[in-house]
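The structure appears below as structure tokens.
Please read these numbers as outputs of a predicted model, since none were measured by experiment. Order of the sequence lines fixes the chain letters, A, B, ..., with proteins taken first and strands second; residue numbering starts at 1 for each chain.
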Number of protein chains: 2
Amino acid sequence: MHSSLLAVNESTVSGLGRLARFFGFSEVMGRLYGTLLMNPEPLSLDDLAETLEISKGSVSMNMRSLERWGMAKEVWVRGERKKYYTAEPDFWQVIRNVLSSREQREVQVALHVLRDSIDKLRAAEVELTPEERALAVFYLERIGDLQSFFQFAQLALGTILGSEETINFDTITKVEIG
Amino acid sequence: MHSSLLAVNESTVSGLGRLARFFGFSEVMGRLYGTLLMNPEPLSLDDLAETLEISKGSVSMNMRSLERWGMAKEVWVRGERKKYYTAEPDFWQVIRNVLSSREQREVQVALHVLRDSIDKLRAAEVELTPEERALAVFYLERIGDLQSFFQFAQLALGTILGSEETINFDTITKVEIG
DNA sequence: CATCACATTCAGAATGTTTTGAACACAGGA
DNA sequence: TCCTGTGTTCAAAACATTCTGAATGTGATG
């Protein structure tokens, strides 16, 4: 195989490994996804283990994670008993999965905790000494700032996820906040 | 001190620890930032070590990281020789720092690598066998998808960072993509 | 310039995470 | 039923990260 193809493959695989880390997944998951993405044909567990030079056990577990996240799926190959996988090629779909099943929930939990804190402080107000009351006011201010941030995050996620149809990245010319 | 104040403090500190992890920092950094954020008065290294029950060495190192990221700054306390710190209270400022010095660079590196890959494939075209050429075409397609994604990320980051004045999260009603 | 009060550093310990590979489970075919 | 090829599991090992605390550095002060 020509060296340029090998080099491009390698840099894509390691780049996706990096991206996976960034999104809080294991690097191996990213590399597996990358390997599948850069292969026109489906690959078996053994193929993947051999290509990435990692144990079959690791491939097995990481592939199941990839499946759960909708980043890869099993395909049937005629006359073969092995499991074969392909990458979900719609990157947008993958991002949507991650953002909606993980990030969005995180943000909502955070907002919930903040709201609880505010309620707690308001409820306790009558029992506080003057100094404590001053501190409570200070807390409310800081918590309000955090709330604003998470509300922004919620809004941004909602916007990205809200558009039902697949966003065609190529046609985006502007991201507006207002 | 009233239990509600303690509870709110604790949940904010651990929430910020969590957020720090999410952004790829150490949890301790987040907790330190949270502790400072929830204290009207500056705190010394010893105060922080005692409050969070961690060693002074760890506090020292993590506080220097926080300073480098613009999340905390030293303040002079009259008549004291110790170093005192306060949290940068403008959350938006903190986010801007992180996004512009880290995320934006990451995205630009990724785009650069992808462009290099495309160039490499184009340059090698004449030397390829027919099968290799088919694979190159396939690679170009996949790489184009990745490029679109990173270009979107670049655009979004640019929009958030581009607005010179501090964004008031409270007044944001919409995040638009188009 | 010696002392004191603090901050910083870093080797080693503690802890957390990921990987491996051997054991096991399972399904299909003989 | 037993064998064979495959996938899965999980305890232990390898590896990575983070923390600690004693040693060291630093600078202000008498």
**Complete:** Besides Tyr84(A), the hydrophobic cluster formed by Ile, Leu, Val, Met, Phe, Trp and Tyr side chains linked at under 4.5 Å, directly or via other members, contains Val75(A), Val77(A)
**Request:** Assess the side chains of Ser44(B) and Asp47(B): does a donor N or O sit below 3.5 Å from an acceptor N or O?
**Result:** yes
**Request:** Using side chain to side chain contact (heavy atoms under 4.5 Å, CB included) as the criterion, point out the one residue from Ile54(B), Leu52(B), Asp46(B) that pairs with Val59(B).
**Result:** Ile54(B)
**Asked** Given atom CZ of Arg21(A) and atom P of dA16(D), what is their separation to the nearest angstrom?
**Response** 10 Å
**Request:** Decide yes or no on side chain to side chain contact (heavy atoms under 4.5 Å, CB included) for Phe25(A) and Val98(A), but give the supporting numbers first.
**Result:** CA-CA 10 Å; Phe25(A) 298 104; Val98(A) 175; 3.9 Å; yes
**Complete:** In whole angstroms, the gap separating P of dA13(D) from CD1 of Ile54(A) amounts to 21 Å
**Item:** N/O donor-acceptor pair under 3.5 Å between Glu132(A) side chain and His2(B) backbone
**Value:** yes
**Request:** In whole angstrom, give the distance that lies between atom CZ of Arg81(B) and atom C1' of dT29(D).
**Result:** 7 Å
**Asked** How long is the line joining CG of Leu52(B) and P of dT18(D), in whole Å?
**Response** 16 Å
**Asked** Under a 4.0 Å heavy-atom cut-off, which of residues 56-74 of chain A touch DNA chain C?
**Response** Gly57(A), Ser58(A)
**Asked** Relative to the ring of Phe91(B), is the ring of Tyr33(B) parallel (under 30°), tilted (30 to 60°) or perpendicular (over 60°)?
**Response** tilted
**Request:** Using whole Å, report how far CG of Leu45(A) lies from P of dT8(D).
**Result:** 6 Å
**Fill in**
From CG of Asp46(B) across to C1' of dT8(C) the rounded distance in Å is 13 Å
**Request:** Grab the CZ-C1' distance between Arg31(B) and dT18(D) for me, whole Å please.
**Result:** 14 Å
**Prompt:** Atom NZ of Lys82(B) to atom C1' of dT26(D): distance rounded to whole Å?
**Reply:** 17 Å
